[in-house]
Amino acid sequence: MLEAILVMAFGALVLGAALGYAAVRFRVEGDPLVEKIDAILPQTQCGQCGFPGCKPYAQAIAKGEAEINQCPPGGEEGIHKLADLLGREFKSLSAEHGIEKPKSVAVIDEQVCIGCTLCIQACPVDAIVGAAKQMHTVVAPLCTGCELCLPPCPVDCISMQSTGESVENWKWKYPVVKINPAQREST
Amino acid sequence: MTSYLFVVLGAVLVNNVVFVRILGLCPFMGVSKKLETAVGMGAATTFVLTMACGASFVIDRWLLIPNQLEYLRTLSFIVTIAAIVQLTELVIQKTSPLLHQVLGIYLPLITTNCAVLGIPLLNVSLRHNFLESLLFGFGSAVGFTLALILFAGIRERLEAADVPVHFRGTAIAMITAGLMSLAFMGFAGLDKYK
Amino acid sequence: MSEPIEVTHRESSVLRISVRTAAIMLAFTLVFTAMMAGTYKATEPLVAASALAEKLRLIGEVLPPGGYDNDLMADSIILPRQIILGLDDETRIWRARKGGMPVALVFEAAALDGYSGRISLIQAVDADGRLLALRVTAHKETPGLGDYIDPKKDKNKTRPWITQFSNLGFDTVPRKKWRVKKDGGRFDQMTGATISARAVTNASGRALAWAVEHRDKLFALPANSRFEESKP
Amino acid sequence: MSALQRLFKFHGGVKPAYNKEASTGLPIAVAPTPTLLVIPLHQSIGGMPRPLVKAGERVLKGQRIGGADGNASSAVHASTSGAVVAVEMRLMPHTSGLSALCVVIEPDGRDEWIARQPFDFRKASPTQTRDYLRDAGVVGLGGAVFPTHLKLNPGKHGKLDTLVLNGAECEPFITCDDVLMRERAETILKGAIIMREMLSARQVLIGIEDNKPEAIAAMEIAAQAANQAAGDLAMQVVSVPTRYPAGGAKQLIRVLTGIEVPHGKRSTDYGVQCFNVGTAYAVYEAIALGQPLISRIVTVAGNVGQARNYEALFGTPMRDLVALCDPLPDSDRVIMGGPMMGLLMPGDEVPVVKATNCVLVGSRKLFPPPPPEMPCIRCGECAKACPADLQPFEMYWFSRAKIFGKAQEYKLFDCIECGCCAYVCPSHIPLVDYYRFAKSEIWAREVDKEAADIARERYEFRLLREEREKQEKAAKLAAKTAAGREKAAAAIAEAAKPAATPEDDTKKALIAAALERAKAQKEQVHPGNVSNLTPEQEAEVTAIEARRAEIREMAKPHLRQDD
Amino acid sequence: MNNSPYFLKPASVQSVMLRVLVALLPGIAAYVWFFGAAILVQIVLASVTALAAEAVMLRLRDKPVMLFLSDGSALVTAWLIALTFPSIAPWWLTVLGTLLAIVVAKHLYGGLGQNPFNPAMVAFALMIVAYPLLMSQWPKVDATDFAGQWEAIFGSRQILDAMTMATPLDALRTVLRDPEQRAMIGGILGSKATFGNVGGRGWEWIATGYFLGGLYLLQQRIITWHMPTAFLATLFVVSGAFALYEPDRFAGPGFQLFTGGAMLAAFFIVTDPVSGATTPRGKLIFAAGVALLTWIIRTFGAYPDGIAFAVLLMNIATPLIDMYTQPPVFGHKDKRGDSP
Amino acid sequence: MSAYKEIAWNGIWKQNTILAQVLGLCPLLAVSSNLVNAVSLGLATIVVMMLSNFAISALRALIPYEIRIPVFILIIAALVTVIDLAFNAFLHDMYLVLGIFIPLIVTNCIVLARVEAFAAKNGLRAATLDGLVMGIGFVWVIALLGAVRELIGQGTLFSGIEMIFPTLSGFQILPVEYPGFLIAMLPPGAFFVLGLLIAGRNWLDARANERMREQRTHHQVEHATSAPA
Ligand SMILES: Cc1cc2nc3c(=O)[nH]c(=O)nc-3n(C[C@H](O)[C@H](O)[C@H](O)COP(=O)(O)O)c2cc1C
Ligand SMILES: Cc1cc2nc3c(=O)[nH]c(=O)nc-3n(C[C@H](O)[C@H](O)[C@H](O)COP(=O)(O)O)c2cc1C
Ligand SMILES: Cc1cc2nc3c(=O)[nH]c(=O)nc-3n(C[C@H](O)[C@H](O)[C@H](O)COP(=O)(O)O)c2cc1C
Ligand SMILES: Cc1cc2nc3c(=O)[nH]c(=O)nc-3n(C[C@H](O)[C@H](O)[C@H](O)CO)c2cc1C
Ligand code: SF4
Ligand code: SF4
Ligand code: SF4
Ligand code: SF4
Ligand code: FES
C-alpha cells in the first residue's frame, strides 16, 4: 500500500509539474483554423448564418459552436469544402438559415432615391457611393449581393438583379448523364 | 537478429494492429478521409507509440514489478502515455516548429487511440525485452500507419464513387475496412513459419 | 471552460502554476491510488481464495476427488520452466496419493503450435503411466472451427473429442501411434481443423512421455521442493 | 528533302476516317456577299474591341469598326462597304447560344476599299509592326484565334531557331489549309518570309500531313523557289505522318523538332514558334498589300451534296454558305470546325468569323447520337490515345464528382480538348464535356474567390472604420464635457498619432499594399454605372473617396491591435 | 445534342467483356477434358446467380437494368469465380460466393467500374476463410464421371473421398511442412509425365489454355503486356532463385507458373482494369507485387493458393500506386510529372 | 422534450456512440463475436460509464483545465481497476467470463469522450443519466452486433451462457446442419456487420426525415388551403 502510494505520488508530482509548466509555457496563441474557414466562406457578409459576418461565423465554427451548414451564399459547395477541411460529415444546407440563390447585385432606382444614406450605412463592404441628399449608386463589382441594404431604404428603391449570363461568364454545363446521377447533388 | 525482424514484420503485417488485433480503430476510421492527414497522424502515432513502449517497459520493470504493484499497470501506463503526448507536443514545439505544424494537431488525437495503451500491455503479456518492446511498438505503429495510409488512399477514390446513398461515408468505409482485413488474413501463418 | 484560467495564467508565474498543478495532480493521485490499493488489499485474500478454488476445480476435472485422500495443495512440488512441456514459467506439480501410495501426477503443459498459438493443457497421469484425463484450460483457436478441443464448445456432448485420450497409455497406444489419424496415428481429428487436434495430441504425447520418464523422481521428491532435471 | 528531316513522335493520337476528298475536288470559290453582314466585335482571344462606328454611319471595305482594347486584343474591320444598320446584341457563333455586341452592315454592293498602303516592316520598329498587325486584325487562323502580333515576338533571346508553319490540318473534313496551300503556296511563303524576319528564325519548317500530296508538292516547289531566291535552305517542307491531332501546335512542334513545350510556357522560350499557313497568308496580305483581315477560306462539308472551300467575308451567315453546297434534307445541325473539336452552333444564321475554318453540316446519320454513357472501367484506352500524356479517366473520375482540386492535380489544364479520349472510350463517356465543365467551374471559382477576397478586405476595413468612428465620438464626447472644442481636436490628434515602431511599418506597408490592390482591382473593373456619372455625382464620389482615405489614415494605428 | 467529338470509334464495354469470355474458352476446354464437365455446371450456376444478383441490385439502385446486364462484366466475374472454386464444390458455395462478390464487392461500391476490390477474388477469399475444407476438395484428375460430380455438387458429399485429391499445390505444402515426413519436392509431384508434369498432371494443360487465351487478349489489345509479363517474370525469378538455393524445399518456376491459378491470374485476374493499377509503371508494380505476395503466401502462409489474397492486398495499395506512378505529362518530362 | 428525455434519446439513438459518433470501436468489434460476450462487456461498460461520469461530475470543480485529461484518465482507470478487483473477489464466476474484458474498458474512447464532453460540464444527475444512456446505446448496438454475428456465424444464440448461469444453455436457432459462416465471427465479419448496421441507421434516419418533410409540406398545404378563407 505504501509503495503504491509512493510510486504513484512520485509519478504524479513529475507529471503534474511538467504538464502545468507546459500548459502555461506553450499555450497556442491565435487560431490558424479560423483563417482557413474564413477563406472558404463567400464573404457576402450577409449575416444569414446568424453571425454578424463571415469572420464571426468562422470563429464559431472553429470553436465548435456552429454547424457548418448555415451559410446560404456558400451553398452546398461551401459546406463540402468545410466538411473536408474539418473532417466532418457533409450536411445539407440548414433550411432555417435560408436557401441558395443565384448571385445578384443591388440596383438603386435613381429616379426614386432620396439620398438618405441609410443604405450606405448598411452596406458591409462600402459598395454604395453617394452623399447626403444626393442620389446613390451601387458599385456593382463590389456588391456581394447580401441584401442588407434593402430593408433600411425608406422608399424601397433598391432591388436585386441577378447577374445574367454572358459569353464571358458562361459555363459549360454538367454533362447530361442518364446513368450516374451527380454524386454530390444527390446527397 | 532475425527474431527482431520477425517482431517488426509480424507487428506490421501478420498481426496488424488494426486489422488483426482490432486496436486503434477510432482514429483509423476518423483520420483517414484524406491522405495528407493520414500521413501526419501515422507519423505522430509512430513516434508516441514507440516512446510509450519504452517508457512503460521501464516503469513496469523498475517500478511496478519490484514493488509487486502489477495491479497499477493499466493506471500508470495510461497516465504516462497521456503525459508523453503532452510532453512530446511541448518538445517538438520548442525544437522544431515546422514539425509541430505538421504533427501538432494530431498529437492530442493520439491519446484517443486505444492501441497506445493496448500495445504496451501486450508487450508485458508477450514478455518482450526492452529492445523487443521498442521494436514491437514501432512495428505496430508502422502497421497502423500503413493501414491508415492505404485506407485513406482508397477513401479518397471512394469519395467520387457512385456508392448507394445509405452506404456513403462511414458505412462503406466499414465494409472497405472489412475487405482490407480479409486481405490481411492472407498473411496468416507467416509468423509461424520457421 | 478555458476562459477563466487564461486570465489567471497571465498574472501568475510559470513556477507557481507548475507547483499548483503538480499539487493537485498529487492530491488526486494519492486519493485514487489509496482507493485502489485499499481495494486491492481488501480483496487480496478473497482473490487468492478464488484462484485456488479455480485451480482445484480444474484439477477436479482431470482427477476425480474420490481417487485420493491427501491434501494436493500441500503435497506439491515446484516445477521450473520446462521447455519440453511448452511451459515458460514456474509451475507446480500436484501429487495425489491414497493411503500414502502414489496415485497420480497432475500438472500443466502447453501446445505452442495451435492454429492461433498457445493451447494450455492440464492433465493427470497415473502411477502406471496412463493418461487419466486431459483438459484444455486456455486457447485461442478459431471459434466454430478449432474450439472443439474444449469440451464446453464441442458439439459432440456425449463424447467430446478430448475424452478420447482418457485412460490411455503407451501400452495401449504406442508412442509412434500417439498422433492424429491424418498423420498416421490413432486419434481422430475434425476435418478442416487438423492443426488444433494435432497440436493437442502431440503435446499430450510429449507430456505423457515426460511424466513416464520422471514419475518415480517426481513422486519421491519432498513436498515443496524443486524438481531438477538430473544430468545423465 | 523531307527525307532528310528526322521526325519525332508524339504519344497517343487516333486515326478517324478523314473524309477530305469531297471538298478538295473543286478550287476555292469566292462566296457571294450576303444581304446583311453581322460582324461580332469579339472574334479573338483577348480584350473585347470597342465599337468605333455608330448606327447610320457609312463604312468602307477594310475600315476599322472595332478598335483593339489594349495590346492583348485585335481590331475588327468592315468586310465590305455599306451602311451600319445597328450596333447591337446578336446571336454568337458559340455553343452557349448567347448574344454579344455585333456591328450589322448592309452592303452597298460597291465593295469600296479604304486606301490600302503596303507597310514597310523593314523600316519600322518591331513594335510598330506588331501594332500595325494588331490594327489590321490579324489573328491565328488555325482555330485558336490568338492575336498574331503577340506571337510575332522572338522572346527573351531575340531570335528563334525554328518557325513552324502548320499545314497539318489533321481534323477530318476540313481542307481549307490544303486548298490554300495547293493554290496559293507562293503567297503563303512570302508571308512566312516576313514572319521569319520578324522572329529572326534560322529555319522555317512547314509540316504537312502525308495525306495531302498535292499540297506538299505545291509547297515544295514554292519553297525551292524561295530558297533559291534567298540563297539558303531555310525553308523545308516536311511531310508528317497522318494522325490526329498532328496539327496541334505542341504536337507538330514535337514531331518536327523534338521539343516539348509545357503547358503555360511560351514556345519562343524554347526557340520555336508555330503559325497556321492561313495566318502566314493573312500576314502577307496585311503587310504587303495593306489589306486587313476581312475574309478567310472556309470549308463547307459534311451532309452536303457538293462540299467545297469558299473564300467568305466575315459576317456572312453560315446559312448562306451551306445553301451554296446543296445541303441534304436530313441535315439537323451546323458545327463550326471539325468533328473532333468543332463547336455546335445554336443556329445556322450565325456569322462566319475569324475562327471559322469549317462549316460542318451534320445529320443523325453522319454523326449518330452516342450510345448511352456507361461507367468508366479504367481500361486505359483514353490514356493510350491522349496526346498530352494525361490520365483522362482520373480527370473524369474527379470532374464527375466535382472534386475539382483533385482533377487539377491530374493536370486538367494541360488537356487540349482534342477529343481523342472521348473518341476511343468504350464506355462512350463524353469525357471532354466533363473537362470543359470542370475547367469553367474552376475559372468561375477563381473569379468568385477574387471577389470574396476584395469583399473581405473591404469588410474588415469597414469594421475598422466603424470602430474608429466610435472612438472618435467617444473622444469628442469626453472632450466636450471636459473642456472646449479646441481641446477635443487635440485629443483626436493624440489618438491618431501612433507610437510607430519599425515592425509596425512593415505591417502597415502590407496593409497599404492590400488596400492598393483592392483599389486597383476596383479601377480595373470600372463599372458602367460609375463611368456614366454626371459631373456632380463624380464630385460626390471623389469627396467620399477622400473621406475614406482620411479614415484609412486614422485607422492605421489600430490595425496592429486587431491583427 | 452532344458536343464534340461527334463521332466515336466503334467500341463498347460489352464487346470487351465478351472477348474476355471467349479468351477463357481454351482453358475451360482443357478443364473439362481432364476434370470432367462439373466445371460447366459451376459456370452456369455462377452466371445465373451473378445475373440475378446484378439485376436485383440494379433495380434497387434505380439504374437501367437491361443496359447494365448486357455489359457482360457480371459474367466475367461469374466465370472467374467458377474457375477458381473447386469444380465439385457444393452448389451453395458457388452461389453464396457469387452473391457476395456481386452484391458486396461490386454494387455496394456503385457497380461497374467503381469497385476498389476485385469481386471474384473477394468471393474466393471470403469462401476459403469461411469454408477452408470445402474450398480445398478438388476433383481427381481423369475422374470425369459426370453423374458422380453432379451428386457431389447437388447431393450428398459422402462419395467425395473417391473423387477428390489434393491439388499439387496443396500436396506440396502439407507434405513439405511436416517435419516428420522429410519429403522432397521431387517425390511429391506426380509420376505420369505428360507435358513434363510441370504443374501437376492436367493442371499444366489448363494453364496452357489460359495462356493461349491470354495471347488472344493481348492481340486484341484488351490487355497490355505489362501485367502478365511482370507477374510471370516475378514469379519465375523469385521461385527460381529459391529453388536454386534449396531445391528440396522450394518448388521451381515451372511448377509455380503452371499450377494453381497462376496463368489465370496473369492474364485474367491481375489484369482486371477496374480494381488494378492503370499507369504503365503502376501496372508493373501491381502485377509484380501480386506475384511476390502469391509466392510468399503459397510458400510460407496458411492458405493453399495465395493469389486471391495477393490480389486483394495489392488492390488496397492500388490508389497509392496509381497516384505515385503518374506518367509525366506532355512537356513536363524532365520533372517527372511535376509542373514547373 | 424535457432535458432528461433528450439526454436519453441522444444516448440511445441520435448521438449513439457507435452509430453516430463512431467511437469505442475496438471493444465493440473485438468482443462481439457472440451475444453473451457482447452483452457482458456492454453491461460492464455501463457500470464504468455511470461511475466515471458520476465521479467526474462530482469532482469537476476541483480539476484544473490543463491537467484534466490525465486526471480523468486516472479516475477512470482507478474505477475500472476497483471494479475489476471487486468482480474478482465477490462475483468470481462472472469475473471468469468478464475478467478479460474489464480492463479493456479503460481503453474505450467512449468513456473518456463522455467524461470530457458531458460529465465535466454537467450536474451529477444529468451526468449519471448520460453515462447510463450512453452505455445503453453501446449495449444495444453491441448486443445486436453480437447476435447477428453469432447467428450467421454458427446458427446459435446465447451460446456460452452456461458460463454465467450454469443452469441455462444457448439456443440452436438454425438447423444443426447449418454449415456456419466463419467470416462473421472473424474481424472482417465484424466490420461488415457494423457497416450494415450503420447503413441501416442511415436508411431509418433518411426515412424519418422524408416522413417529417412530407408531414410538413402536408401541413403547409393544409395551411395554404385554409388560409385564404
Ligand atoms: C474519445 C476521446 C478520447 C480521448 N482520450 C484521451 C486520452 O486517452 N488521453 C488524453 O490525454 N486525452 C484524451 N482525449 C482528449 C483529447 O484528445 C484532447 O486532449 C482534448 O480534446 C484537448 O486537448 P488539450 O489538453 O491539449 O486541450 C480524448 C478525447 C476524446 C474525445
Ligand atoms: C480463418 C481460419 C481459421 C482457422 N482456424 C483453425 C483452427 O482454429 N484450428 C485448425 O485446426 N484449423 C484451422 N483452420 C484451418 C487450417 O488452415 C487448415 O486448413 C486445416 O487445419 C487443415 O486441416 P485438414 O488437413 O483437415 O484440411 C482455419 C482456417 C481458416 C481459414
Ligand atoms: C487538337 C488540335 C488540333 C489542331 N489542329 C490544327 C491543324 O490541323 N492545323 C492548324 O493550323 N492548327 C491546328 N490547331 C491549332 C494549333 O494548335 C495552333 O493553335 C495553331 O497552329 C497556331 O497557329 P495560328 O496562331 O496561326 O492559328 C490545332 C489545335 C488543337 C488543340
Ligand atoms: C481483362 C479483364 C479482366 C477482368 N478480370 C476480372 C476479375 O479478375 N475479376 C472480376 O470480378 N472481374 C473481372 N473483370 C470484369 C470486370 O472488370 C469486373 O467485373 C469489374 O471489376 C466490375 O466492376 C475483368 C474484365 C476484363 C476486361
Ligand atoms: S451567411 Fe453570409 S455572413 Fe454568414 S458566412 Fe455566409 S456569407 Fe458570410
Ligand atoms: S449594395 Fe446592398 S446588396 Fe450589395 S453589398 Fe452593399 S448592402 Fe449588400
Ligand atoms: S477509355 Fe473510357 S472507360 Fe476506358 S479508362 Fe478511359 S474513360 Fe474509362
Ligand atoms: S481531350 Fe484532353 S484528356 Fe482527352 S485526349 Fe485530348 S488532351 Fe487528352
Ligand atoms: S476504442 Fe477507440 S481507438 Fe480503440
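Letters go in sequence order (proteins before strands), and every chain restarts at 1.
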- Is there a side-chain contact (heavy atoms from CB on, under 4.5 Å) between D:E394 and E:D322 once you walk through the steps? CA-CA 10 Å; D:E394 301 280 16; E:D322 271 351; 4.0 Å; yes
Determine, step by step, whether D:H428 and E:V13 satisfy the side-chain contact (heavy atoms from CB on, under 4.5 Å) criterion, reporting the C-alpha distance in whole Å, the side-chain angles of both residues, the deciding distance to 0.1 Å, and the verdict. CA-CA 9 Å; D:H428 320 297; E:V13 176; over 6 Å; no
side-chain contact (heavy atoms from CB on, under 4.5 Å) between E:K9 and D:V14, worked out: CA-CA 9 Å; E:K9 199 173 163 180; D:V14 294; over 6 Å; no
message: Apply side-chain contact (heavy atoms from CB on, under 4.5 Å) to residues D:K411 and E:H332 and explain how you reach the verdict.
response: CA-CA 11 Å; D:K411 307 257 180 326; E:H332 301 287; 4.3 Å; yes
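In this structure, the portion of D:Y410 lying under 4.5 Å from any heavy atom of chain E is its side chain and not its backbone. With a threshold of 4.5 angstrom between heavy atoms, D:K250 approaches chain E through its backbone and through its side chain. Heavy atoms of E:T224 lying under 4.5 Å from chain D belong exclusively to its side chain.
For the set D:V261, D:I335, D:T95, the count of heavy-atom pairs under 4.5 angstrom toward chain E peaks at D:I335. When D:G337, D:G264, D:P426 are compared by the number of non-hydrogen pairs under 4.5 Å with chain E, D:P426 comes out ahead. Chain E forms more heavy-atom pairs under 4.5 Å with one residue of D:Q251, D:E417, D:H11, D:R436 than with any other, namely D:R436. In terms of non-hydrogen atom pairs under 4.5 Å with chain E, the most contact-rich of D:G342, D:S427, D:G380 is D:G342.
E:F330 approaches D:P387 most closely through the heavy-atom pair CD1-O, 3.5 Å. Contact between D:W397 and E:G113 at its shortest, heavy atoms only, is CZ3-O, 4.0 Å. Across all non-hydrogen atoms, the minimal contact from E:Q114 to D:P375 is NE2-CB, 4.0 Å. Residues E:G331 and D:P262 share a closest heavy-atom pair of O-CG, 3.1 Å. Scanning all heavy atoms of the two residues, the minimum distance from D:G419 to E:P5 falls at O-CG, 3.6 Å. Taking every heavy atom of both residues into account, D:A422 and E:L8 meet most closely at O-CD2, 3.4 Å.
Atom-to-atom distance recorded for E:T278:OG1 and D:Q391:CD is 5.5 Å, nearest 0.5 angstrom. Between the CG atom of E:N2 and the CZ atom of D:R333 there is a distance of 6.0 Å, given to the nearest 0.5 Å. Taken from CD in E:Q326 to CD in D:E409, the straight-line distance is 10.0 Å, to the nearest 0.5 Å. Here E:N115 contributes atom CG and D:I377 contributes atom CD1; the two are 11.0 Å apart, rounded to the nearest 0.5 Å. Atom SG of D:C379 and atom CD1 of E:I223 lie 13.0 Å apart (nearest 0.5 Å).
Note on ring orientation: taking the six-membered ring where Trp is involved, the planes of E:Y6 and D:F367 are tilted (angle from 30° to 60°).
Around atom OH of D:Y18, more than 12 heavy atoms belonging to other residues, nucleotides or ligands sit under 6.0 Å away. By the neighbour-count criterion of 12 heavy atoms within 6.0 Å, atom CZ of D:F8 is densely surrounded, having more than that number from other residues, nucleotides or ligands.
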